[in-house]
Amino acid sequence: MKHTEIDALVKSWIVDAADKPANPRVQAIVLRLVADLCKAIEDLDISATEFWKGLEYLQEAGKRHELGLIAPGIGLERFLDMRADEADVKAGLTGGTPRAIEGPLYVAGAPESVGFARLDDGTEVDIAETLFMQGTVYDSKGNSLPNAKVEVWHANTKGSYSYFDQTQSAFNLRRTIVTDSQGRYSFQSIMPNGYGCPPDGSTQALLDLLGRHGNRPAHVHFFVTAPGHRKLTTQINIDGDKYLWDDFAFASREGLVPPVKRINDAAELAKRNLKKPFASIDFDINLVEEKPKAASGLVDRIRAAA
Ligand code: MBD
Ligand code: FE
């Protein structure tokens, strides 16, 4: 079938078949997606068996709650970020800390504290490197922002996230830190390891067929919010990780790989009550004002809450 014939046919199903008012946005999107899918079936000669296997795949992935993992794995979550970056450039909005994808593993409701938090529950102190991370949240004019909310979450030494990994304590490696009077946040935690897709899951099955791995470099996620400012969703990657520029979710970005200092000074260790060297990362965060024409920082999606 010719593409023009497909367009006419799909319009008859999706638009002309309406006999009561349609949601115009949904109608336009479904019209486009069904037509594009029919064209792919035509052009690639997708068989009926291949079609039903595809649907079964998505059904199974949904049952396993992996659709939010497939989206970054095939680049779609990164694509949304790239479009938001483009919208910012068009709106003349520059200078903030780069955005990076949220991923599927945020949990709302983490314990909140002012200035400092310890993120880890202590269960991995013997096998993990201790990590300190600190910085200041600034507005676009370079003023520090007291009372900004810095939500942090990251994986443990196995690359697993609390809540999704029920063997971890509640909110392990998840905290909300409110910046102090000088706009500063700091935390003590453990050095995370990179995440790997569940080896027996739907996402990894697809990646295998694509000849790809399902690993991320070690990283730390942030949501940063302050009144009048756009919510920032970002991550920092741990420098030196094998997967730093080979992330299955395509989230690595220049500007989000801060240097990791290794500190072995006796006085610094004593101050922190530590017996072995630790890692320290400085990372300042620059927020921008909310601008109507730029991309919104608010993304409405279902998130876990504990
Ligand atoms: C993660 O930890 C993550 O951050 C993303 C984007 C996808 C899968 C696991
Ligand atoms: Fe992550």
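Note that ligands are numbered from 1 as they come in the structure, with each ligand's atoms numbered from 1 the same way. Here, residue 1 is the first one in the sequence, and each next residue gets the next number.
Under the 3.5 Å distance criterion, with hydrogens and angles disregarded, no donor-acceptor pair is assigned to the side chains of His154 and Tyr195. Looking at Asn193 and Thr157, their side chains never bring a donor and an acceptor atom within 3.5 Å of each other. Of the N and O atoms on the side chains of Tyr106 and Glu151, at least one donor lies less than 3.5 Å from an acceptor on the other residue. Side chains of Asn215 and Tyr243: a donor on one and an acceptor on the other come within 3.5 Å. Side-chain contact annotation: His219 with Asp247, donor-acceptor N/O pair under 3.5 Å absent.
The salt bridge (charged side-chain N to carboxylate O under 4.0 Å, His left out) test with Asp88 is passed by exactly one of Lys293, Arg230, Lys291, Arg83: Arg230. Checking Lys2, Lys39, Arg32 one by one against Asp7, the side-chain hydrogen bond (donor to acceptor under 3.5 Å, both in side chains) holds for a single residue, Lys39.
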Practice prompt. Would you please test Ile29 and Arg25 for side-chain contact (heavy atoms from CB on, under 4.5 Å) and show each step?
Written response: CA-CA 6 Å; Ile29 293 170; Arg25 180 69 178 159; 3.7 Å; yes
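Between Trp153 and Phe223, the gap from one ring centroid to the other is short of 6.0 Å.
Using a 4.0 Å cutoff on heavy atoms, Glu77 does not count as a contact of ligand 1. Distances shorter than 4.0 angstrom do not occur between any heavy atom of Ala251 and any atom of ligand 1.
Around the Fe ion (ligand 2), the protein N, O or S atoms closer than 2.8 Å are Tyr161 OH, His219 NE2, His221 NE2, listed by chain and residue number.
Looking at Glu102 next to ligand 1, no N or O pair under 3.5 Å apart turns up. Polar contact with ligand 1: absent for Gln235 (N/O pair, distance under 3.5 Å).
Protein heavy atom in closest approach to atom 7 (C) of ligand 1: Pro104 CD, 3.5 Å. Closest to atom 9 (C) of ligand 1 among all protein heavy atoms lies Tyr195 CD2, 3.3 Å. Scanning the protein for heavy atoms near atom 8 (C) of ligand 1, the closest one is Leu69 CD1, 3.3 Å. Protein heavy atom at the shortest distance from atom 2 (O) of ligand 1 is Tyr161 OH, 2.9 Å. Nearest to atom 4 (O) of ligand 1 among the protein's heavy atoms is Arg216 NH1, 2.6 Å.
No cation-pi contact links Arg262 to Phe278, judged by a cut-off of 6.0 Å to the six-membered ring centre and 45° from its axis.
Residue Leu105 approaches ligand 1 through these ligand atoms, each under 4.0 Å from one of its heavy atoms: 1 (C), 2 (O), 9 (C). Short contacts between ligand 1 and His221, defined as distances under 4.0 Å to a heavy atom of the residue, involve ligand atoms 2 (O), 4 (O).
In terms of hydrophobic clustering, with Ile, Leu, Val, Met, Phe, Trp and Tyr side chains grouped at heavy-atom distances under 4.5 Å, Leu31 and Val26 are assigned to a common cluster.
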